[in-house]
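A short write-up of the structure that comes next.
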There are 2 protein chains.
Amino acid sequence: MKARRDVFQAIADPTRRAILGLLAQQSLPINMVAENFQISQPAISKHMRILTECGLVAITQKGRERLCEAQLNQLNEVTSWVEQSKKLWNHRFEKLDNYLIELQTKNQNDGTK
Amino acid sequence: MKARRDVFQAIADPTRRAILGLLAQQSLPINMVAENFQISQPAISKHMRILTECGLVAITQKGRERLCEAQLNQLNEVTSWVEQSKKLWNHRFEKLDNYLIELQTKNQNDGTK
DNA sequence: GCTATGTATAACCGTTTGGTTATGCAAATA
DNA sequence: TATTTGCATAACCAAACGGTTATACATAGC
């Protein structure tokens, strides 16, 4: 349970994705989140800490309860990375692929040897 | 380095995201990928194994080289999870939020007590 | 055939992860 | 005031992670 969290790591765990799925539909106090899983309350608290550390969940104290609210705009970091990568990927034939050309040249040399 | 990988876990590691960024632009043999990082060749091989296990990279033997090719359509799993979650999230006010209503009712009772 | 190259694999290691139980504490309730 | 409820936190644990070095091995080049 260390310091700087990032969103990619946060959503790597299936339980945390499920928690986000729940909170996406309605804000809930931690104990009501915990009811939806078989793991212990401290385990849920730990997941929640990770989710809050990277801004995916915001918590507001409500009496003795702590209301958890999803902040899914933080997923934009993921979306934009995927989009950016796919953009490059789709254009990969348009740019000269130096390595492949070099490889092909080598093969041609081999052929004429 | 165990069995069933999933895409979310694969992209959780910054080095693997960087590798995908590289391969998105051009297919490369493993050693040329390794040149772009300070970590050892076995470390790169391990990352590559994880990436291939979840289908994000395909490898084809080319003589003694192994050409790595990005398969970024596998990122659709991520994209669709994000989209699905955000959809629920954006509609969270439209559906009745049972917990919050219950909470509010309780508060009203408290007020009139 | 010998050497160099590209890569996989094994063995190992410290750190992180995801879980547990036990405990403490503040707010709500009786 | 005493008890219950809703959490956080500490201490602990096994397993997974991300890295290392050493080694093996097939292909390429001389």
Side-chain angles (χ1 to χ4, degrees), chain A residues 1-6 8-19 27-54 57-69 99 102-103 105-113, chain B residues 1-6 8-19 27-54 57-68 99 102-103 105-111 113:
Chain A
M1 234 90 289
K2 277 294 142 48
R4 263 279 41 92
R5 296 289 171 179
D6 80 274
F8 289 93
Q9 203 205 334
I11 64 169
D13 184 82
T15 302
R16 283 193 292 268
R17 286 201 298 281
I19 290 176
S27 301
L28 290 172
I30 295 199
N31 69 325
M32 297 201 60
V33 172
E35 282 176 8
N36 290 272
F37 302 88
Q38 307 108 321
I39 61 179
S40 65
Q41 167 263 314
I44 296 288
S45 278
K46 281 188 177 186
H47 283 305
M48 213 58 87
R49 173 183 253 272
I50 291 173
L51 291 171
T52 54
E53 274 179 357
C54 67
V57 166
I59 297 188
T60 54
Q61 195 88 26
K62 225 89 178 176
R64 66 185 164 189
E65 295 186 343
R66 314 192 81 201
L67 193 62
C68 304
E69 195 176 343
Y99 172 74
E102 187 192 330
L103 193 74
T105 312
K106 258 196 294 185
N107 286 347
Q108 279 176 295
N109 290 347
D110 290 356
T112 56
K113 211 186 283 178
Chain B
M1 232 94 291
K2 278 296 141 49
R4 265 278 43 94
R5 298 288 171 179
D6 79 275
F8 289 93
Q9 203 204 333
I11 65 169
D13 184 82
T15 301
R16 284 195 290 269
R17 286 199 300 279
I19 290 177
S27 300
L28 290 172
I30 294 198
N31 68 326
M32 297 200 62
V33 172
E35 282 175 8
N36 291 270
F37 301 89
Q38 308 108 320
I39 60 178
S40 66
Q41 168 262 315
I44 296 288
S45 278
K46 282 187 178 185
H47 283 305
M48 213 60 85
R49 172 184 254 272
I50 291 172
L51 290 171
T52 56
E53 273 178 357
C54 66
V57 167
I59 297 188
T60 55
Q61 195 87 26
K62 224 89 181 175
R64 65 184 163 189
E65 295 185 344
R66 316 194 81 200
L67 193 61
C68 304
Y99 172 73
E102 187 192 329
L103 193 74
T105 311
K106 257 197 292 184
N107 286 347
Q108 278 176 293
N109 290 346
D110 289 356
K113 211 188 285 179

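Because the structure is predicted, anything quoted here is derived from the model rather than measured. Proteins get letters first, then strands, A, B, ... in listed order; numbering begins at 1 in each.
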Nearest-nucleotide comparison on DNA chain C, the residue closer to the 5′ end among A:Arg16 and A:Gly63: A:Arg16

Could you check A:Thr15 against A:Gln61 and say which one's nearest nucleotide on DNA chain C is further toward the 5' end? A:Thr15

Spacing of [atom1] belonging to [X] relative to [atom2] belonging to [Y], to within rounding of 0.5 Å:
{"X": "B:Ile44", "Y": "B:Lys46", "atom1": "CD1", "atom2": "NZ", "result": "12.0 Å"}
{"X": "A:His47", "Y": "A:Thr15", "atom1": "NE2", "atom2": "OG1", "result": "4.5 Å"}
{"X": "A:Met48", "Y": "A:Arg16", "atom1": "CE", "atom2": "CZ", "result": "11.0 Å"}
{"X": "B:Gln9", "Y": "B:Glu53", "atom1": "CD", "atom2": "CD", "result": "10.0 Å"}
{"X": "A:Ile50", "Y": "A:Ile19", "atom1": "CD1", "atom2": "CD1", "result": "9.5 Å"}

Mind calculating the distance between [atom1] ([X]) and [atom2] ([N]) to the nearest angstrom?
{"X": "A:Ile30", "N": "C:dA27", "atom1": "CD1", "atom2": "P", "value": "16 Å"}
{"X": "B:Asn31", "N": "C:dA8", "atom1": "CG", "atom2": "C1'", "value": "14 Å"}
{"X": "B:Ile44", "N": "C:dA8", "atom1": "CD1", "atom2": "P", "value": "11 Å"}
{"X": "B:Ile39", "N": "D:dC17", "atom1": "CD1", "atom2": "P", "value": "15 Å"}
{"X": "B:Gln38", "N": "D:dT21", "atom1": "CD", "atom2": "P", "value": "14 Å"}
{"X": "B:Asp6", "N": "D:dA16", "atom1": "CG", "atom2": "C1'", "value": "14 Å"}
{"X": "A:Glu53", "N": "D:dA8", "atom1": "CD", "atom2": "C1'", "value": "14 Å"}
{"X": "A:Met48", "N": "D:dA8", "atom1": "CE", "atom2": "C1'", "value": "13 Å"}

Which of the following nucleotides, [options], is nearest to the side chain of [X]?
{"X": "A:Asp13", "options": "C:dG18, C:dG19, D:dT20", "result": "C:dG18"}
{"X": "B:Pro42", "options": "C:dA10, C:dG6, C:dT17", "result": "C:dA10"}
{"X": "B:Arg66", "options": "D:dG18, C:dG18, C:dA8", "result": "C:dA8"}
{"X": "A:Lys46", "options": "C:dT9, D:dA11, C:dT7", "result": "D:dA11"}
{"X": "A:Ile50", "options": "C:dG18, C:dT20, D:dT20", "result": "C:dG18"}

Looking at [X], I'd like to know whether one of its side-chain N or O atoms comes within less than 4.0 Å of OP1 or OP2 on [N].
{"X": "A:His47", "N": "C:dT17", "result": "no"}
{"X": "A:Ser40", "N": "C:dT20", "result": "yes"}
{"X": "A:Ser45", "N": "D:dC7", "result": "no"}
{"X": "A:Gln9", "N": "C:dT17", "result": "yes"}

Got B:Leu28 and B:Cys68 here, is their nearest side-chain heavy-atom distance under 4.5 Å? no

Can you give the donor-acceptor pairs under 3.5 Å from side chains of residues 30-37 of chain A to other protein atoms, not counting sequence neighbours?
unit_1: A:Asn36; atom_1: ND2; unit_2: A:Met32; atom_2: O; d: 2.8

Can you name the closest pair of heavy atoms from A:Ala12 and A:Arg17 and give their distance? O-NH1, 3.2 Å

Report all interatomic pairs (protein N or O, nucleotide N or O of nucleotides 23-26 of chain D) with separations under 3.5 Å.
none

